[in-house]
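So the structure is just underneath, and the comments pick up after that.
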Protein chains: 2
Amino acid sequence: MLTLLTILTMGIAERKIRQKESVRCSILGEARKIVEQEGWQALSIRRIAEAIEYSVPVIYDHFANKEAIMLEFTREGYGLLVEELTKAKDQHPDPAAQIEAMAYAYWEFAFNNKAYYQLMYGLGMPSCDTVRQINELQAFSELIQAPITQLLSRSSKPDTNPFLKLHTFWSMLHGLVSINMMSGTTGGNEALNRQIIRDFIEGFTGSLRT
Amino acid sequence: MLTLLTILTMGIAERKIRQKESVRCSILGEARKIVEQEGWQALSIRRIAEAIEYSVPVIYDHFANKEAIMLEFTREGYGLLVEELTKAKDQHPDPAAQIEAMAYAYWEFAFNNKAYYQLMYGLGMPSCDTVRQINELQAFSELIQAPITQLLSRSSKPDTNPFLKLHTFWSMLHGLVSINMMSGTTGGNEALNRQIIRDFIEGFTGSLRT
DNA sequence: TAGAATAGTTAACAGCGTTAGCAAAAGTAA
DNA sequence: TTACTTTTGCTAACGCTGTTAACTATTCTA
């Protein structure tokens, strides 16, 4: 029965949900701070607990374990990446130009969000089989596959597997990024890398058009 | 003064060196076993100590820290890789065929020596700035750069930077491998990957020849 | 106001890399 | 053979880590 009391109670329940949500947010927020300032290796449950000014077990009320927290960031990372790629893509009508713009945007994203990227690709992290749990990956795939398919349909071999080309594109970029990231130097050889990307994009879009 | 006694003493010293060497070997040996059976995450100083039937501090008489042990394996890994690539290369006189053979050999190596590869590229490991300490990397670079340079010298643009092309080649392969490794499935989609490599090799050697 | 549910705590477990300090064994010299 | 020195290897600890059981104090319900 819906009495005045139950209505009041509902307000209280909602406040509690809000509070819980806010703790959850501050966990993620403080974790982000730590990671951005000191890298993934510095992130520990105890440090998060200290930062949010709660005791350690509170964190386990919001996340099953540390990996779940990291998975959240991985999701966030792919979301951000898709956002950036979309922005780059939308600035060009031509599919070849779109691919090129996205390649550069991908590269920019990786180095502007080093921490995210390293988590997303398990660079220096003990997390391997989390990839399957990321829905955002699909958005990412579709985004890149669209202009590829367009280019292929105009080519002399319109029945080429666009999925194959997508993987080629992705592999190349990720390889370049991860090798550069491991070498430590933020930019590596900035000029050389620009050249490599250009060289690759030319070869890639070329192979799509013929 | 070189008395009979000092000569005897020298034998003892040598035996001690041998013994020390043997402990060092068994550290690496047992570590290898653990890693191959359970992955890098399962490797701990305490587990090595238990396996070699010595106490923990003995390990620190042979290696400065855990990272030093891993560095040893990284070196070993690159050594093995160079070996495999050389074998593949030596079976073909034509530089284009050499590049192709090495690409496949690289792929094979990565999945036949998953543990090594993951260590070498920091996949799931907290070791980033160890790359610079690997001398074997140079051998690797030279091995691949040679046929690239050959192809380029015959092309219409013989002054193209071969170092650039080497990086393109390497990035592509590593990207493909690491994305596949993270997806968990050992082969992923074996047929698709074969196709991707072929597709890539074609585009790559093509771009070297024109 | 008494009882139930929730929130948040302390303290522990089992593991990690690393190292200081000590005991026993081995080698050296008289 | 005995006394001294060096080497060898050990125990035990420090300060971390992720995770959880058990408890208290607070808040809500009837």
Side-chain angles (χ1 to χ4, degrees), chain A residues 1-24 26-27 30-31 34-35 38-72 124-127 130, chain B residues 1-24 26-27 30-31 34-35 38-72 124-127 130:
Chain A
M1 43 183 173
L2 199 69
T3 65
L4 183 62
L5 223 95
T6 26
I7 292 174
L8 283 174
T9 315
M10 277 166 64
I12 291 169
E14 278 170 19
R15 190 206 66 207
K16 284 204 169 179
I17 291 173
R18 271 204 308 279
Q19 281 177 348
K20 223 171 166 123
E21 192 74 19
S22 118
V23 172
R24 198 191 129 94
S26 59
I27 289 173
E30 296 300 326
I34 294 169
V35 167
E38 303 172 53
W40 287 104
Q41 298 199 46
L43 187 68
S44 81
I45 299 288
R46 280 177 169 84
R47 281 203 61 182
I48 297 176
E50 193 183 7
I52 65 171
E53 293 176 302
Y54 276 96
S55 68
V56 168
V58 169
I59 292 171
Y60 288 90
D61 292 340
H62 298 271
F63 297 93
N65 48 36
K66 195 184 175 184
E67 225 187 328
I69 299 178
M70 292 169 126
L71 185 62
E72 200 60 38
M125 215 82 35
S127 66
T130 61
Chain B
M1 46 182 172
L2 200 69
T3 65
L4 182 62
L5 224 95
T6 26
I7 293 174
L8 283 174
T9 315
M10 278 166 63
I12 292 171
E14 278 169 19
R15 190 207 65 209
K16 285 205 169 179
I17 290 173
R18 270 203 310 277
Q19 282 177 347
K20 236 192 153 102
E21 191 76 19
S22 118
V23 172
R24 198 191 130 95
S26 59
I27 289 174
E30 297 299 326
I34 294 171
V35 167
E38 305 172 52
W40 287 104
Q41 298 198 49
L43 187 69
S44 82
I45 299 288
R46 281 177 167 84
R47 282 203 59 180
I48 297 175
E50 194 183 6
I52 66 171
E53 293 176 301
Y54 276 97
S55 67
V56 168
V58 170
I59 292 171
Y60 289 89
D61 291 341
H62 299 270
F63 297 93
N65 47 37
K66 195 184 173 182
E67 227 187 327
I69 299 177
M70 292 169 125
L71 185 61
E72 200 59 37
M125 215 78 37
S127 67
T130 61

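Just so we're on the same page: letters track the sequence lines, and every chain starts at 1.
In this structure, A:R47 atom CZ and D:dT19 atom P are separated by 17 Å, rounded to whole Å. If you take CG of B:N65 and C1' of C:dT19, they are 13 Å apart, rounded to a whole angstrom. Spacing between atom NZ of B:K66 and atom P of D:dT17 amounts to 16 Å, rounded to whole angstrom units. For the pair A:Y60 OH and D:dT17 P, the interatomic distance rounds to 11 Å; values are reported in whole Å. Rounded to an integer number of Å, the gap from CZ of A:F63 to P of D:dG18 is 14 Å. Distance, A:H62 NE2 to D:dT19 P: 16 Å, rounded to whole Å. Atom CD1 of B:I48 and atom C1' of C:dT18 are 14 Å apart (whole Å). One can place CH2 of A:W40 at 17 Å from C1' of D:dT17, the figure rounded to the nearest angstrom.
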Cut-off 3.5 Å, no hydrogens considered: what does the side-chain donor-acceptor table look like for residues 55-62 of chain A, sequence neighbours left out?
none

Can you give each donor-acceptor pair under 3.5 Å made by side-chain atoms of residues 43-53 of chain A, sequence neighbours left out, with the distance rounded to 0.1 Å?
unit_1, atom_1, unit_2, atom_2, d
A:S44, OG, A:R47, N, 3.1
A:R47, NH1, A:E38, OE1, 3.0
A:R47, NH1, A:E38, OE2, 3.3
A:R47, NH2, A:E38, OE2, 3.0

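Residue contacts shown for A:I69 are absent, as no nucleic acid heavy atom lies under 4.0 Å away.
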Sugar-phosphate means primed atoms, P, OP1 and OP2; the rest is base. With that split, encode nucleotides 7-15 of chain C 5' to 3' as B, S or - using protein heavy atoms under 4.0 Å.
-SBB-B---
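B:A68 and B:A64 get closest at one heavy-atom pair: CB-N, 4.1 Å.
The NZ atom of B:K66 sits 14.0 Å away from the CG atom of B:L71 when rounded to the nearest 0.5 Å.
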